[in-house]
Q: 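First, the structure itself, so that you have it in front of you.
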Amino acid sequence: MPSLRPMASSPSRKTNKPGPDHKNGPARKPSLLGRIKNWWIEYRQNPMSWLEKSRNRLVYLGMGFLFLYGGVAIKALFATILAPMAPLPNQIGNTIPEIPHPDPKAIAGNGFVLPDIKRASIVDRNGQPLALSLPVVQVYANPMEIIEPEDVAKKLRTILPNLNVAETARRLKQKKQFVYLARNIAPTDELAINNLGIPGIYFENGEQRHYPLGNVAAQILGSVDIDNHGIAGIEKFFNQRLLADHTPLRLSIDARVQAAVRDELNEAKLRFRAIGASAILMDVHTGEILAMVSLPDYDANDFAHAADDARFNRAVTGMYEPGSTFKLQTAAMALELGVAHPWDQFSTVPIHVGRFTISDLKTDHFAPWLALPSVMAYSSNPASAHIALDVGRDRQHDWLKNMGFLDRVPVELPEAGRPLVPSLKNWGETTVMTVGFGHGVAESPLAIVRGTACTGNGGYLVTPTLLAHDHLNDDVVMAEDQKGPHLISSKNSELLRRILRLVVTKGIGKKAESPGYLVGGKTGTAEKIGAHGGYLKHVNITAFTGMFPMNNPKYALYVMLDAPQGTAETHGWTTAGWIAAPTFSRIVTRTAPMLGLFPLEPDKAQQIDDQLALSLTPPVPPGVRHPLGPGNDPGAVTVNRLAAKHNAKHTH
């Protein structure tokens with residue numbers, strides 16, 4: 001049997017006896033210096049073995065790098081050739097221009113933005129720039145760094161010819177660290193000055209407002225001051241908006257229409273030697289103002305040197321007696337309140353109240369009594385006074401208040417003024433009569449055209465605006481709550497349209513006719529009030545307010561000339577029928593095609609005209625008892641009472 005004695009230990013056999021390094025835990029790894037020492041010992045003991053091990057390590061390392069770079073190469077192959085990713089828009093926007101698209105309505109112009117500009121542009125409804133800021137440079141200096149002020153000033157003068165050498169040298173000698181030397185210089189001048197190499201001369205980026213269309217819409221746009229803040233017009237009203245939002249501000253103005261209206265109005269102003277003129281073209285459904293002209297005007301780029309009369313916006317700041325254009329409101333008021341009907345007749349006999357007489361300019365074509373359509377067609381003052389008396393003071397005052405004639409017309413212009421109207425306590429029966437035919441109050445042209453639109457658009461009082469509505473669709477359909485107060489019934493609005501068409505076809509507004517466009521409207525002639533009060537004889541404000549086409553009005557137009565003079569063509573007359581009406585006609589004929597309206601063929605126009613036709617003396621419908629007329633004239637009672645009161649006062 002084998003012996004069970006333990007075997008004797010052999011010197012060559014490994015033992016598990018811990019050495020001195022295991023007394024306090026596992027052995028520590030040698031330091032870098034120790035490893036280098038061990039490698040050196042190993043190399044000295046067996047150089048060939050050490051070299052073999054190093055060669056193997058290099059092979060493994062090379063294979064690692066080969067694998068790493070191979071992965072990168074495969075990834076690059078997929079990213080650039082086999083499956084490249086599409087670049088993001090902002091990665092190529094600065095190098096590759098956008099492919100242009102058809103833009104018949106120039107809507108892309110609404111995104112007209114210049115880089116590094118603080119004040120937003122102003123554009124018309126089609127994107128045409130009306131006001132924009134251009135980058136310029138301001139030159140300033142630190143006088144403390146200037147060595148020879150006189151020499152510096154002379155050098156600058158060689159580049160800036162308008163520079164005052166003496167003044168510039170004086171400023172460069174000041175004990176300051178900052179003085180402006182020149183503003184709004186061109187980039188080429190900046191480069192030339194910089195090339196002079198003058199220590200202490202610096203540049204500051206800025207912007208200058210520019211109005212590319214000059215006189216077109218000058219009073220609407222207004223201007224900015226030297227610090228680029230609005231001081232008049234749209235620039236002032238929307239100052240914060242233009243500085244805070246770089247998106248262009250889009251106005252309702254159509255630059256083409258604005259220019260055409262200005263041309264025609266200016267031609268009439270020159271022909272009749274008027275001292276001023278105004279015209280407004282407005283959408284009757286949205287209140288958008290497509291053209292607003294006031295003459296004389298000025299180049300918007302030279303606001304600082306414009307005369308006060310040129311800056312004066314007659315369309316919103318000027319207040320004028322509306323004259324017979326206000327008879328439209330008298331008729332609308334009487335019809336809507338049920339006081340008068342088309343068949344009712346009113347006296348045209350002159351009214352004498354004290355030392356005042358209400359009469360017509362010419363009465364040879366007047367009958368003693370006129371039906372309501374004839375009152376409008378022939379524009380009788382006494383008959384209109386009778387209608388107003390039938391309505392009465394309180395209802396007349398309330399009507400004008402509801403129509404906005406007693407307050408400032410809301411529009412985006414800080415220059416819009418307030419009308420001149422008597423206080424209610426001074427609104428007596430004489431005022432009722434004079435206001436009935438457009439005297440005794442002073443209104444802005446914008447107020448008149450707004451009231452005109454209300455009579456023809458179904459009876460809605462729109463709010464005039466110089467901001468464009470969304471007109472991507474040709475037909476703008478407004479919700480009922482956006483149309484404004486409904487003050488005139490649809491039935492009466494249709495009747496008023498027929499009456500206004502009658503004024504042009506058979507009344508004193510014949511010269512306003514524009515063939516194929518079915519215009520309608522009302523003349524207005526008022527004696528001008530002098531600077532010290534009192535009417536100026538034979539100095540008139542002539543106006544015409546109307547709409548087109550009258551079967552379905554889309555636009556209202558108001559034309560006014562201030563103090564025109566008669567010509568051989570007008571036989572010396574300075575009334576609206578001879579001066580404002582033909583100007584109205586020319587503006588309609590020229591601008592309607594720009595607005596997408598084209599003249600109807602004669603047969604079609606005649607067919608619609610027959611549908612709009614209204615008799616000057618409509619018959620009394622069956623069953624109507626006691627129509628107003630001879631023997632039934634409430635206004636005559638008031639007139640006789642006023643006359644008797646005046647006579648009694650002067651008798652005593």
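Please read these numbers as outputs of a predicted model, since none were measured by experiment. All residue numbers in this chain count up from 1 along the given sequence.
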Q: Please say which of Lys269, Arg256, Arg590, Arg586 ends up in a salt bridge (Lys or Arg N to Asp or Glu O under 4.0 Å) with Asp263.
A: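 Only one of Lys269, Arg256, Arg590, Arg586 forms a salt bridge (Lys or Arg N to Asp or Glu O under 4.0 Å) with Asp263, namely Arg590.
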Q: Measure the shortest side-chain to side-chain distance between Val462 and Val284 over non-hydrogen atoms and say whether it is less than 4.5 angstrom.
A: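 Side-chain contact under 4.5 Å: no.
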Q: So, for Ser444 and Met319, which heavy atoms are closest and what is the spacing to 0.1 Å?
A: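 Where Ser444 meets Met319 most closely, the heavy atoms are N-SD, 3.4 Å.
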Q: Nearest 0.5 Å, please: how far is CD1 in Ile289 from CG in Leu251?
A: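 Those atoms lie 10.5 Å apart.
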Q: Please lay out, stage by stage, how Thr575 and Thr523 fare under the test side-chain contact (heavy atoms from CB on, under 4.5 Å).
A: CA-CA 9 Å; Thr575 54; Thr523 56; over 6 Å; no
Q: Could you check if a side-chain atom of Phe326 sits within less than 4.5 angstrom of a side-chain atom of Ile448, using non-hydrogen atoms only?
A: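 They are in side-chain contact.
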Q: So, for Phe303 and Tyr211, is the gap between ring centers shorter than 6.0 Å?
A: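 No, ring centres 6.0 Å or more apart.
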Q: Looking only at the side chains, is there a donor atom on one of Ser379 and Lys327 sitting less than 3.5 Å from an acceptor on the other?
A: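 Yes, a side-chain donor-acceptor pair sits under 3.5 Å.
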Q: Does one side chain, of Thr589 or Ser514, offer a donor that lies under 3.5 Å from an acceptor on the other?
A: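 Yes, because at least one side-chain N or O of Thr589 sits under 3.5 Å from a partner of the opposite role on Ser514.
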Q: Checking Glu288 against Thr286: is there a side-chain donor and acceptor pair closer than 3.5 Å?
A: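 The answer is yes; a qualifying pair exists.
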Q: Looking at Asp407 and Lys401, is there a salt bridge between them, counting it only when a charged N and a carboxylate O are closer than 4.0 Å?
A: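 A salt bridge is absent here (no side-chain N lies under 4.0 Å from a carboxylate O).
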Q: Would you say that more than 12 heavy atoms from the other residues, nucleotides or ligands in this model lie under 6.0 Å from the NZ of Lys604, or not?
A: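 Count not over threshold, so no.
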Q: Does either side chain, that of Asp610 or that of Gln606, offer a donor lying less than 3.5 Å from an acceptor on the other one?
A: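 Short answer, yes.
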Q: Can a side-chain donor-acceptor contact be found between Glu412 and Thr465 if the only test is distance below 3.5 angstrom?
A: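 Thr465 vs Glu412: donor-acceptor pair found between side chains.
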Q: Does Asp302 form a side chain to side chain donor-acceptor pair (under 3.5 Å) with His305? I'd like the steps, not just the answer.
A: CA-CA 6 Å; Asp302 196 24; His305 299 98; 2.7 Å; yes
Q: So which of Thr431, Val441, Val435 actually passes side chain to side chain contact (heavy atoms under 4.5 Å, CB included) with Val421?
A: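 With Val421 as partner, Thr431, Val441, Val435 yield a single side chain to side chain contact (heavy atoms under 4.5 Å, CB included), made by Val441.
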Q: Could you report the tightest heavy-atom contact between Ala580 and Leu561, atom names first, then the distance?
A: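 Heavy atoms of Ala580 and Leu561 come nearest at CA-CD1, 4.3 Å.
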Q: For Glu601, look at atom CD and say whether over 12 heavy atoms of other residues, nucleotides or ligands are found less than 6.0 Å away.
A: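 For Glu601, atom CD is not crowded (no more than 12 foreign heavy atoms under 6.0 Å).
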Q: State, yes or no, whether a side-chain contact exists between Phe272 and Thr567 at a heavy-atom distance under 4.5 Å.
A: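 Yes, close enough: below the 4.5 Å cut-off.
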Q: Could you tell me whether a side-chain N or O of Lys506 sits under 3.5 Å from a main-chain N or O of Val503, the two making a donor and an acceptor?
A: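 Not confirmed, Lys506 side chain does not pair with Val503 backbone.
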Q: Is there a side-chain contact between Val639 and His352, using heavy atoms and a 4.5 Å cut-off?
A: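 Sidechains of His352 and Val639: no contact.
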Q: Using 0.5 Å steps for rounding, measure from the OH atom of Tyr460 to the SG atom of Cys454.
A: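 The distance works out to 10.5 Å.
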Q: Return yes if some donor-acceptor pair links the side-chain N/O of Ser278 with the main-chain N/O of Met560 below 3.5 Å, else return no.
A: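 A pair under 3.5 Å: no.
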Q: Please name the pair of heavy atoms, one in Phe346 and one in Ala340, separated by the smallest distance, quoted to 0.1 Å.
A: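 Reported closest heavy-atom pair: CZ-CB, 3.8 Å.
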Q: Pairing donors with acceptors under 3.5 angstrom, does anything connect the side chains of Asp297 and Asn215?
A: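 Side-chain D/A pair, Asp297 to Asn215: present.
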Q: Indicate, with yes or no, if the rings of His341 and Trp343 have centres closer together than 6.0 Å.
A: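 Between His341 and Trp343, the centre distance is under 6.0 Å.
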Q: In sequence, state the C-alpha distance, the side-chain angles, and the governing distance for Leu295 and Leu265, and then conclude on side-chain contact (heavy atoms from CB on, under 4.5 Å).
A: CA-CA 8 Å; Leu295 297 176; Leu265 190 66; 4.0 Å; yes
Q: Under 3.5 Å, side chain of Glu443 to main-chain N/O of Tyr320, donor-acceptor pair present?
A: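 Flag not set: sc Glu443 to bb Tyr320 has no pair under 3.5 Å.
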Q: Please walk me through it: do Glu569 and Trp578 pass side chain to side chain donor-acceptor pair (under 3.5 Å)?
A: CA-CA 9 Å; Glu569 180 185 358; Trp578 285 102; over 6 Å; no
Q: Compare every heavy atom of Tyr517 with every heavy atom of Ala592, then report the nearest pair and how far apart it is.
A: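 Residues Ala592 and Tyr517, closest heavy atoms: CB-CE2, 3.4 Å.
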Q: Are any of the side-chain nitrogens in Lys554 or Asp283 under 4.0 Å away from the carboxylate oxygens of its partner?
A: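 Looking at Asp283 together with Lys554, the answer is no, because their closest N to O distance does not fall below 4.0 Å.
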Q: Does the distance from a Lys or Arg side-chain N to an Asp or Glu carboxylate O, for Asp609 and Arg501, drop under 4.0 Å?
A: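 Here Asp609 pairs with Arg501 in a salt bridge, since their nearest N and O are under 4.0 Å apart.
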Q: Closest approach of Pro382 and Ser359, non-hydrogen atoms and distance?
A: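 Closest pair (atom of Pro382, atom of Ser359, distance): CG-CA, 3.9 Å.
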Q: Assign the ring pair Tyr555 / Phe548 to parallel, tilted or perpendicular, where the plane angle (0 to 90°) is split at 30° and 60°.
A: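 Aromatic pair Tyr555/Phe548 classed tilted.
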Q: Which of these, Leu389, Thr638, Thr357, Ile358, sits in a side chain to side chain contact (heavy atoms under 4.5 Å, CB included) with Ile351?
A: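 Answer after filtering Leu389, Thr638, Thr357, Ile358: Ile358.
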Q: Measure the CD-OG1 distance between Gln329 and Thr545 for me, rounded to the nearest 0.5 Å.
A: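 OG1 of Thr545 is found 9.0 Å from CD of Gln329.
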Q: Let's go through Phe544 and Lys522 carefully: what are the C-alpha distance in whole Å and the side-chain angles of both, what is the deciding distance for side-chain contact (heavy atoms from CB on, under 4.5 Å) to 0.1 Å, and is it a yes or a no?
A: CA-CA 6 Å; Phe544 193 95; Lys522 184 71 191 73; 5.9 Å; no
Q: Could you grab the distance from atom CD1 of Ile275 to atom CG of Asp562, nearest 0.5 Å is fine?
A: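 Result: 4.0 Å between the selected atoms.
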Q: Would you say that Gln219 contacts Arg311 through its side chain, given a criterion of any heavy-atom pair below 4.5 Å between the two side chains?
A: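 Gln219 vs Arg311: side chains apart.
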Q: Under the salt bridge (Lys or Arg N to Asp or Glu O under 4.0 Å) rule, what do Glu429 and Arg393 come out as? Steps first, then yes or no, please.
A: CA-CA 7 Å; Glu429 290 170 322; Arg393 184 195 77 155; over 6 Å; no
Q: Where the side chain of Thr542 meets the backbone of Ala576, is there a donor-acceptor pair that is under 3.5 Å apart?
A: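 Here the side-chain-to-backbone pair does not exist.
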Q: Are the side chains of Leu335 and Ser489 in contact, using a 4.5 Å heavy-atom criterion?
A: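 No, their side chains stay 4.5 Å or more apart.
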Q: Output, in order, the C-alpha distance, side-chain angles, deciding distance and verdict of side-chain contact (heavy atoms from CB on, under 4.5 Å) for Met550 and Leu500.
A: CA-CA 8 Å; Met550 292 311 297; Leu500 291 179; 4.0 Å; yes
Q: Output the distance between atom CZ (Arg314) and atom CD1 (Ile280), rounded to the nearest 0.5 Å.
A: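 The CZ atom of Arg314 sits 13.0 Å away from the CD1 atom of Ile280.
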Q: Does any donor atom in the side chain of Asn426 or Ser423 lie under 3.5 Å from an acceptor atom in the other side chain?
A: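 On atom types as modelled, these side chains qualify, holding a pair under 3.5 Å.
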Q: Can you confirm whether Leu461 sits close enough to Ile488 that some side-chain heavy atom of one is under 4.5 Å from a side-chain heavy atom of the other?
A: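 They are not in side-chain contact.
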Q: Is any side-chain heavy atom of Leu557 less than 4.5 Å from a side-chain heavy atom of Met547?
A: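 Answer no - side chains too far apart.
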Q: Would you say Thr330 and Ser384 are linked by a side-chain donor-acceptor pair, where the criterion is simply a distance under 3.5 Å?
A: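 No - no donor-acceptor pair under 3.5 Å links their side chains.
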Q: Looking at every heavy atom in both Leu616 and Pro373, which two are closest together, and how far apart are they?
A: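 Looking at all heavy atoms of both residues, the shortest contact is O-CB, 3.9 Å.
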Q: Go through the side-chain N and O atoms of Asn540 and Thr525 and say whether any donor and acceptor fall under 3.5 Å apart.
A: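 The answer is no; no qualifying pair exists.
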Q: When rounded to the nearest 0.5 angstrom, what distance separates CE in Met376 from CG in Leu502?
A: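 The CG atom of Leu502 is 9.5 Å from CE of Met376, to the nearest 0.5 Å.
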Q: Can you run down the salt bridge (Lys or Arg N to Asp or Glu O under 4.0 Å) pairs that involve residues 329-342, sequence neighbours left out, and say none if there aren't any?
A: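 Listed once each, the pairs would be none.
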Q: For salt bridge (Lys or Arg N to Asp or Glu O under 4.0 Å), just list the numbers for Glu267 and Arg271, CA-CA rounded to whole Å, side-chain angles, deciding distance to a tenth of an Å, and then say yes or no.
A: CA-CA 6 Å; Glu267 195 277 332; Arg271 186 193 320 148; 2.3 Å; yes
